[in-house]
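What follows is a single structure, written as structure tokens, with notes after it.
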Amino acid sequence: MFRARRRNPVELVGGLGRYALNVARGQREVYRHANVVAHNLYRPLENLEAEQDSAIEAIVNHAYEHSPFYRERFTACGFKPGDVKNRCDLARLPEVTKSDLADNIDRILCYPKDRLQMSSTGGTSGIALNFYRDLRCLAFRRGIDLATTRYYGWRDGQWQAWLWGAPRDILKPKGLKAKLTHHCADRAFYIDALHLTTEAYREFSASVRRHRPSYMSAYPSLAYDLAQRIESGEVEPFRVPMVNFTAEPVYDFQAKKVAETFGEQVYQRYGSREIGMAALECPERTGLHYFTESTYLEAVDKGPDMPGRSLIATDLWNYGMPVIRYHTGDFADLESSPCACGRTSPRITNIRGRELDMIWTPEGHGIAGVMLVFLIAHLQIHVPIQIVQEALDHIVVRAECKPIECGAELASLMTIYRREVSERIRFEIRYVDRIDRAPSGKYRYVVSKVTRPV
């Protein structure tokens, strides 16, 4: 674990208040689950995998019994209850996509909706999805979140800063009692990612200096934007012990800039709305260890034209809405060799972004969008840019600037793209006043509107 900053008396009292408040809210189980997750960090891998195999068998049999959708899918491939006893058997079952979940939600649910809590994805992948968790699953997921922030050095009672944009996550207390509760126990503050003015960043910076948070959760693009503003003198500087990236692909140039500017330590974690927080980066930076007690991950080879192996996830705790062999849309590898940090769980490595952020060439080859972004960083183009593949032979590079500001650099970028991507693709530069973020606040560097050519 990372070294924690010593709490002052106010933070100690706030920690007690936070615990008392959560117990009053019926969330005592969250703390118990967090302790279990922390205990599992260094248990032998064979013990974790044995428990994981039991959890896989249980969730698959439960889905067959209670979900018409899964019963139909499993029966079609010859599955019978008891056939799946471990991770090897699980690979026989079909994968499910976000479209499958969105189109069959009522046939997937195993419990009535009034016994479940609904959440939703932001739709940045093109498909907005409402999904559900039972209360047992929700408590365990919150336990993982608590264990993660503790792992990175945060302690109950200290403030958290969120460079975050999803409106559903932002706490907006109304009334004196709610505001006092928020200030004394919840102790978190946010930025409005849909109104990223210089003044909004200045207010956020002032909050950081006032509350001295020990932990900041951030979209990489927001943190990079803030770092640039601090570097240019627009925003007053500050330092935070830990900046934790999530929700977007993390590029090396972003992490480096944030570490140089305001993050004493910069690490990333991996997860999604559908499966929750699934993995965290250790000090050795050899990958992201995933939580075997809550998730089972597979890296599946989809063919030579794909830029990596597809990450398939099974949620081991959500009995209300089972998510089994779910196609996350991300590319990554898995590594089970021992890690010098002492954590024993397998690691997600070589994360290469999302399938929907891929560029396809007329020749039929796929290129991970991250590779195009690396070239932008290499040429030191410091204005917001978005690459949009409008058609198989047409890519638009949108730049939030005037031609006089970065026209020469963009011309060099187009030359490299034509040479390295495909000479059959027409690259077009469009200068725009603003590149809008998604409703969730996420920023997509690469947007592809085409599918893999046949």
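Start at 1 with the first residue, then count along the sequence.
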- Item | N-O pairing of Arg430 and Glu428 below 4.0 Å | yes

- Item | Arg92 to Phe79, cation-pi by 6.0 Å centre distance and 45° axis angle |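 Judged by the rule, Arg92 and Phe79 form no cation-pi pair.
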
- Centre of Phe291's six-membered ring, under 6.0 Å away, within 45 degrees of the axis: is that where NZ or CZ of Arg343 sits?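 Satisfied, under 6.0 Å and within 45°.
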
- Task: Look at the aromatic rings of Phe74 and Tyr70 and report parallel, tilted or perpendicular, splitting at 30° and 60°.
- Result: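 Ring orientation of Phe74 relative to Tyr70: tilted.
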
Looking at [Y], is its backbone amide N or carbonyl O close enough to the side chain of [X] to form a donor-acceptor pair, meaning the two atoms are under 3.5 Å apart?
| X | Y | value |
| --- | --- | --- |
| Arg28 | Tyr19 | no |
| Glu298 | Val300 | no |
| Thr344 | Arg43 | yes |
| His289 | Cys282 | no |

4.5 Å side-chain heavy-atom contact, [X] and [Y]:
| X | Y | answer |
| --- | --- | --- |
| Cys110 | His62 | yes |
| Phe204 | Phe189 | yes |
| Asp156 | Leu146 | yes |
| Ile56 | Val84 | yes |
| Arg155 | Arg150 | yes |
| Leu101 | Lys98 | no |
| Phe140 | Val37 | yes |

- Query: Looking at Tyr152 and Asn244, what are the two nearest heavy atoms and their distance?
  - Reply: CE1-ND2, 3.4 Å

- Considering all heavy atoms, the nearest Tyr132-Leu109 contact: CD1-CD2, 3.9 Å

- Message: Assess the residue pair Met118 and Lys113 against the criterion (side chain to side chain contact (heavy atoms under 4.5 Å, CB included)); give the C-alpha distance rounded to whole Å, side-chain angles, the decisive distance to 0.1 Å, and a yes or no.
- Response: CA-CA 8 Å; Met118 189 186 81; Lys113 288 183 180 179; over 6 Å; no

- Query: Do Asp301 and Arg309 pass the salt bridge (Lys or Arg N to Asp or Glu O under 4.0 Å) test, and can you show the C-alpha distance, the side-chain angles, and the key distance before you say yes or no?
  - Reply: CA-CA 5 Å; Asp301 193 347; Arg309 305 174 77 190; 5.6 Å; no

- Note on the structure: Residue set satisfying side-chain hydrogen bond (donor to acceptor under 3.5 Å, both in side chains) with Arg73, at least two apart, ordered chain then number -> Asp100

- Item | Glu423, CD atom: more than 12 neighbouring heavy atoms under 6.0 Å |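 Atom CD in Glu423 is not crowded, with 12 or fewer foreign heavy atoms closer than 6.0 Å.
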
- Name all residues meeting the salt bridge (charged side-chain N to carboxylate O under 4.0 Å, His left out) criterion together with Asp225; count only those two or more places apart in sequence or in a different chain, and write none if there are none. Arg229

